[in-house]
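The structure under discussion appears below in the form of structure tokens.
What's counted below: heavy atoms across the whole structure, side chains too, no hydrogens, waters or symmetry copies.
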Amino acid sequence: MNSERILVTGCAGFIGMHLCKSLLDEGHHVFGIDNMNDYYDTELKQARQDELMPYENFSYSRSDISDLDSLTETFKQFKPEKVVNLAAQAGVRYSLENPHAYIQANITGFMNILECCRHYDVAGLIYASSSSVYGGNEKIPFSVDDRVDNPISIYGATKKANELMAHTYSHLYGLHTTGLRFFTVYGPWGRPDMAMYIFADKILKGQPIPVFNHGKMKRDFTYIDDIIHGLKASINKNYPCEVFNLGNNNWEDLMDVISILENALGQKAEIEFFGMQPGDVKKTFADIDHSRDKLGYRPLTSINEGIPNFIRWYRNYINK
């Protein structure tokens with residue numbers, strides 16, 4: 001990949017920080033945007049941001065993509081060749097409590113990104129979609145050829161809307177857009193609102209871990225390094241208009257994941273079982289044939305390797 005000027009929104013996020021670091025290590029000029037909102041611990045976001053600041057080829061603005069004036073100024077000054085939009089209000093369950101936050105960040109913010117890309121001659125936009133677009137689909141594995149007209153959370157609905165908006169801009173203005181449906185990403189620097197982090201934290205504290213649907217859940221857990229590989233391939237290929245699944249092409253029983261976590265932590269979990277949560281799905285599984293064919297995407301990290309990697313980072317981070 002030749003050196004490019006790449007704007008990354010959500011740069012202090014879990015995936016955003018890893019992507020920025022990888023791009024910076026390859027010599028790209030990266031401009032990061034993050035509003036550092038307090039949806040989860042801002043200290044963790046700041047610690048991720050601190051990993052990026054020493055790079056000479058990194059610039060940063062604490063700003064919000066829903067602020068069009070600020071975003072326009074960034075595009076004017078930095079003149080990005082490619083844009084990776086990872087800024088979003090994340091989380092399925094929180095979308096039940098605060099739906100307006102999702103409309104502001106994921107709809108208004110994304111509209112602003114599209115408009116700036118259109119007006120400032122951006123060669124390609126790569127953006128985060130989500131496995132949540134599949135909603136309650138029963139057919140397994142989930143394929144990008146499946147209909148996704150039945151989201152079961154506002155979060156999933158906003159991500160489906162992003163795909164439709166991007167398709168429209170590709171059709172009307174020739175903007176190259178690539179949407180990536182991420183499947184349960186985990187690993188070092190992971191989000192504290194995700195199961196892997198919550199479980200590790202509570203097990204070490206001797207607190208019961210909440211397990212929904214009485215443990216009868218299956219998830220396609222995808223390690224962060226594999227996600228970054230797919231992201232960078234998307235930046236490089238820059239297709240005219242595509243959507244890809246980025247998953248591990250496998251699913252794990254939640255109870256097996258808890259067992260691997262217990263082994264990695266050297267401590268047994270106290271489990272508190274609950275019924276299904278509104279907006280949640282019982283199982284996810286990515287069909288990655290399309291991603292393999294067009295991106296060369298091949299996930300390499302199993303949970304038996306990935307979970308211990310996460311726990312090593314976690315222990316180091318909380319003991320700092």
Side-chain angles (χ1 to χ4, degrees), residues 1-37 42 44-68 70-88 90 105 109-110 112-129 162 166 175-180 182 185 187-191 224-239 244 246 295 297 313:
M1 200 190 292
N2 294 326
S3 175
E4 292 185 294
R5 300 174 67 77
I6 302 174
L7 174 67
V8 179
T9 73
C11 64
F14 171 33
I15 299 172
M17 183 275 275
H18 279 279
L19 176 64
C20 287
K21 212 165 191 308
S22 185
L23 293 173
L24 291 163
D25 284 337
E26 289 184 352
H28 297 285
H29 295 276
V30 177
F31 193 105
I33 291 176
D34 205 294
N35 68 356
M36 293 289 197
N37 74 19
T42 54
L44 175 57
K45 293 183 180 181
Q46 189 57 56
R48 295 193 194 117
Q49 188 64 25
D50 291 344
E51 293 284 304
L52 303 176
M53 296 310 287
Y55 287 91
E56 289 183 7
N57 47 334
F58 180 70
S59 307
Y60 166 66
S61 167
R62 180 169 181 168
S63 55
D64 195 311
I65 61 169
S66 65
D67 179 348
L68 181 57
S70 170
L71 190 64
T72 300
E73 194 57 34
T74 295
F75 272 77
K76 270 186 195 169
Q77 298 295 327
F78 182 64
K79 299 180 175 61
E81 296 165 77
K82 304 270 179 70
V83 174
V84 183
N85 186 61
L86 301 173
F110 191 64
N112 291 345
I113 290 285
L114 286 167
E115 275 290 275
C116 285
C117 287
R118 169 195 168 195
H119 288 294
Y120 291 94
D121 297 322
V122 168
L125 167 64
I126 293 82
Y127 63 94
S129 186
N162 287 173
L175 173 65
H176 284 208
T177 63
T178 301
L180 301 175
F182 297 136
V185 190
W189 297 100
R191 278 171 34 200
I224 185 63
D225 290 3
D226 293 323
I227 291 290
I228 298 307
H229 169 241
L231 258 165
K232 285 164 59 179
S234 301
I235 296 168
N236 193 27
K237 297 284 189 183
N238 195 29
Y239 287 111
F244 295 104
L246 293 189
L295 295 177
Y297 174 72
W313 166 80

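To the nearest 0.5 angstrom, Ile228 atom CD1 is 12.0 Å from Lys21 atom NZ. In this structure, the separation between CG on Asn85 and CG on Leu180 is 11.0 Å, given to the nearest 0.5 Å. Atom CG in Asn57 sits 9.5 Å away from atom NE2 in His28 (nearest 0.5 Å). Asn35 CG to Thr42 OG1: the interatomic distance, rounded to the nearest 0.5 Å, is 11.0 Å. Here the CG atom belonging to Leu231 is positioned 11.5 Å from the CG atom belonging to Asp226, to the nearest 0.5 angstrom. We find the CG-OH distance between Leu24 and Tyr55 to be 6.0 Å, quoted to the nearest 0.5 Å.
Cys20 and Cys11 make their closest contact through SG-CB, 3.8 Å (heavy atoms, listed as atom of the first residue, atom of the second, distance). Closest approach of Phe14 and Gly187 over heavy atoms only: CZ-N, 3.7 Å. Between Lys82 and Ala123, the shortest heavy-atom contact is CE-CB, 4.3 Å. In terms of heavy-atom proximity, Ile65 sits nearest to Phe110 at CD1-N, 4.3 Å. Closest approach of Pro188 and Ile224 over heavy atoms only: CD-CG2, 4.2 Å. Shown here for Leu7 and Pro80, the closest heavy-atom pair between the two residues is CB-CB, 3.9 Å.
In Asn37, the CG atom is crowded: over 12 heavy atoms of neighbouring residues, nucleotides or ligands sit closer than 6.0 Å.
Annotation: Tyr297 is not in aromatic contact with Phe244 [ring centroid separation under 6.0 Å not met].
Tyr60 and Asp34 form no side-chain donor-acceptor contact under 3.5 Å, judged by distance and modelled atom types alone.
Salt-bridge check for Glu51 with Arg48: failed, with every basic side-chain N at 4.0 Å or more from each acidic carboxylate O.
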Notebook entry, point to check: For Phe31 and Lys79, what are the C-alpha separation, side-chain angles and deciding distance, and is it a side-chain contact (heavy atoms from CB on, under 4.5 Å)?
Noted result: CA-CA 10 Å; Phe31 193 105; Lys79 299 180 175 61; over 6 Å; no
Next item on the list: May I have the step-by-step check of side-chain contact (heavy atoms from CB on, under 4.5 Å) for Gln46 and Asp50, ending in yes or no?
Entry: CA-CA 6 Å; Gln46 189 57 56; Asp50 291 344; 3.0 Å; yes
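Looking at Ser22, its side chain never comes within 3.5 Å of a backbone N or O of His18 through a donor-acceptor pair. At least one donor-acceptor pair under 3.5 Å links the side chain of Ser3 to the backbone N or O of Gly27.
In this structure the side chain of Leu23 reaches within 4.5 angstrom of the side chain of Ile235, judged on heavy atoms. Between Val83 and Phe78 the shortest side-chain heavy-atom distance does not fall below 4.5 Å. Within the 4.5 Å cutoff, side-chain heavy atoms of Cys117 are placed close to those of Phe75.
When the options Val30, Ile15, Leu19 are evaluated for a side chain to side chain contact (heavy atoms under 4.5 Å, CB included) with Val84, the one that passes is Leu19. Ile33 pairs in a side chain to side chain contact (heavy atoms under 4.5 Å, CB included) with only one of the listed residues (Asp64, Leu71, Val8), which is Leu71.
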